[in-house]
Amino acid sequence: MEKRKLTRRDFLNLSAGVAAGSLLAACGAQPTPEKIVETVIVEKEGEKVVETVVVEKEVEKVVTATPGAEAPAAETVTITFTGWGGTEEDEGVKSAVKVFEEENPNIKVTWIQIPENYDDKVLAMTAAGTPPDTAFVNNGQFRTYARDGLLLDITDLLKGDPELGRVDYFIEPQEEARCTYQGRWYGIGSCWVAPHIYYNADIFEQEGIEPPSNDPEKAWDWSEFLEVAKQLTIDVNGNHPGDSGFDEDNIERWAIQWPTWSIPLHAVIASNGGYWINPDTGLVDIDKPEATEALQAVADLMLVHKVSPLNTAFSALGMSNTQMLENGKLAMAVDGSWALAWITKINAKLGTAALPKLKQPATDMQAHIHSAYAATKYPDQAWKWVRFLGTEFYQLVFLKMGLWLPSQTDLMTPEGMQKWYTERQGPGDGVHPAGYDQIVTQYVPKYGHVLYMPPGYAKADAVITPALDAIWIGEQTAEEAMTAAAPEANAILEAEQQKG
Amino acid sequence: MDNTASWAKKPSFAGKFSVISAIRWFQTLQGRRTVIGYIFIGPFILGVLFWVLIPALTAVWLVFQDWNLISPASYIGLKNITRLATDKLFWQSLKVTTIFTVASVPLGLLFSFILALLINTKVRGLAIFRTIYYLPSIMPAVANAVLWAWIFNTDFGLLNALLRSIGLPKVGWLQQPEWALPALIAMSLWGVGAAMIIFLAGLQGIPETFYEAAKIDGAGRWAQLRHITVPLMSPVIFFNLIIGVINSFQVFTAGYLITNGGPQNATLFYVLYLYRVGFRYLEMGYAATLSWILFFVIMILTFIIFKTLGRSVYYQEDV
């Protein structure tokens, strides 16, 4: 083979030619097929598995004539959908897109998964003039976005929908409370999640203690809870808190971990009849006695009773509560219902229960919301997609994993639950521990409180979080810290209300 | 797309003239060199233009605006600037960052200099040691943060396990406001490998003859270090100091990932606060103001360091 050396001139000419060629090609803009990651549901060993495949697809807007039909040619449009979440959400959304596109051949959905710094990226997209058509909206930001006109008002579409518009379609009044701003709907939830107790049943059995119940009517009151917690906590010498010689620096097993972020704290405040955010005023009520007593009760678990490890949001980076439950370092953990998706995999007998109560059984009800953006060019298609996410297929995907609790009343009936509820007999089998149906049908819908986050809450949180920090290390009592922080936080919230 | 058409309609002579002369110029060596030179630095120029200059100028404009990223910006005059005076978190974040810089930069310099001296000796397996000490600097910041969060964990962390083994009580490294910042300062020393490599390069540039001469004069190890190594290394030390101060004022990851600015704002670094103002509180105008303040703080500090310490730097006149 003849080897020829390229001269520099040849090289430059050649490069120029290539550049010009590619420019020309670009000018001729034709809808180019794009590679898209898609999911298909395949049957594998008798089980349906979601798989991702890469397919070539035309994503440019193409006007397709419907052959044989007299109807005018329908335009195929592509809408975008942004969301956070891990592998589970990613797979679930992809499978939903697949089903939706089959049902709606003229709408394509492009899923953009943004696992980190979600709000920032979506805001940057919005600021750049290219907001998504539809998106997950964090419930903490929801009212801020609605106030600022970012979200599409879907009130009439929702009310007029024969299925979703039904009075008893969603769990109410919670659904309306979370999806509306000044009486108008700006999104739909697809699920609920709520904190409750997870416990290692083997430890209770071994200690001969009756475990807590999933039945909210039988929830422990706080003194019973403390009694049990002291029995479950042991140091390396086998002493319990309160025993002489109890070595609090060398604890072998803690009774409970109660995370100190808004959701698990809101649950205990609600149980004492208090509010984090007063739904009527939109201001914080965390300096009221009902709230401070509840916060103090959680702090005392760590500081006074020594039944809980010192706990702050970041300690989660150490050992997870799942590992601690599994290896017996922890008897009970308070965590969101979503954690069932992984806690259920532990190699121990697992139980769940309603949270202990101060005055009344309570838990926090929360979830992200699916919204269409006001700037979308395709409001009808965007609504269809958001609506689809509020229907059964999409919810079932996550209900089966244990990640979600239903937001539709139909999925809570005995027949509805047959579609997704799987009882866990042992490690690696099923998802829902024995008796979990009471959490689903009794505890959450009847005793769940929605935390109403007003516009601009993130700014007020800059005052509240440092104040809470002082409580968890015992530097200030809950009353002292919150009495100082609440007026400052409310001044910020009032200023935000003026902006509306 | 059809630019050529309108262009060709211009007086034909001028068009032809400029094209022909351009081609002729390109055919000269200097012409070709100039064009090729610009092509090569083109990406850099575009990068500076799009990612530095335009954003910086936009930030100047934003200083006088109220912009929440969603609604259009509105002019608010000097409000963003006057607000600084009463913003407690601004002062807190400035204080935290200053303490961090004052502690971590000199410690980092000392630490990396000692490491460089150690590594500059002729011991067996030197390459392995160099790699080990440099490795943390190339680890992703997030991986470092997670690693250290585990080390500092109150109940299961390595550090408290060590304390316990020598009979000391456990410390809530990241939970106690008085310990959180020192913990992050200690963590920052983990990344001294980069400065160490620069020191090492400097050390290897010192001619062996200086030491030989000093030995003949009877200088011991310490005297050699004091009278030869440190003076000859002063430009490198100075360089690392400046870079260290600049980097340290922009510290973000540790405060963001490990402590989230807490507890009680003890680790609210300046850039972390700036980021929150922009993306959490949706006040881009104020965030832009904060970013310009940071620029001026760093500029003034660099200037002061140049004016004070710059004089004691020894530059070799000739070799």
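Contacts of A/Thr144 with chain B are made by side-chain atoms alone, with heavy-atom separations under 4.5 Å and no backbone atom involved. Only the side chain of B/Arg164 comes within contact range of chain A, with at least one heavy atom under 4.5 Å from a heavy atom of that chain. Neither the backbone nor the side chain of A/Ala460 comes within contact range of chain B; no heavy atoms are under 4.5 Å apart. Residue B/Leu268 does not touch chain A at all, counting heavy-atom pairs closer than 4.5 Å. Heavy atoms closer than 4.5 Å to chain A are found in the side chain of B/Tyr256, but not in its backbone. Within the 4.5 angstrom heavy-atom criterion, no atom of A/Glu116 approaches chain B. Using a 4.5 Å cut-off between heavy atoms, B/Ile151 does not touch chain A at all.
Summarising the geometry, atom CG belonging to B/Asp66 is positioned 7.0 Å from atom CG belonging to B/Asn80; distances are rounded to the nearest 0.5 Å.
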**Request:** Step by step, work out the salt bridge (charged side-chain N to carboxylate O under 4.0 Å, His left out) result for B/Lys88 and A/Glu488.
**Result:** CA-CA 12 Å; B/Lys88 279 193 291 187; A/Glu488 211 180 322; 3.3 Å; yes
**Request:** Go through the steps for B/Arg83 and B/Glu283 under the test salt bridge (charged side-chain N to carboxylate O under 4.0 Å, His left out), then give the verdict.
**Result:** CA-CA 12 Å; B/Arg83 181 175 157 188; B/Glu283 296 175 323; 3.1 Å; yes
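Using cut-offs of 30° and 60° on the angle between ring planes, the pair A/His368 and A/Trp84 is perpendicular. In this structure, B/Trp173 and B/Phe152 have tilted ring planes: the angle between them lies in the 30° to 60° band.
Per-residue counts of heavy-atom pairs under 4.5 Å with chain B were compared for A/Gly456, A/Gly149, A/Ala462; the largest is that of A/Ala462. Ranked by non-hydrogen atom pairs under 4.5 Å with chain B, the options A/Asp119, A/Asn117, A/Asp461 are led by A/Asn117.
Using a 4.5 Å cut-off on side-chain heavy atoms (C-beta onward), B/Val271 and B/Phe249 make no contact.
Between B/Tyr281 and B/Asn68, the side chains place no donor N or O within less than 3.5 Å of an acceptor N or O (distance only, hydrogens not considered).
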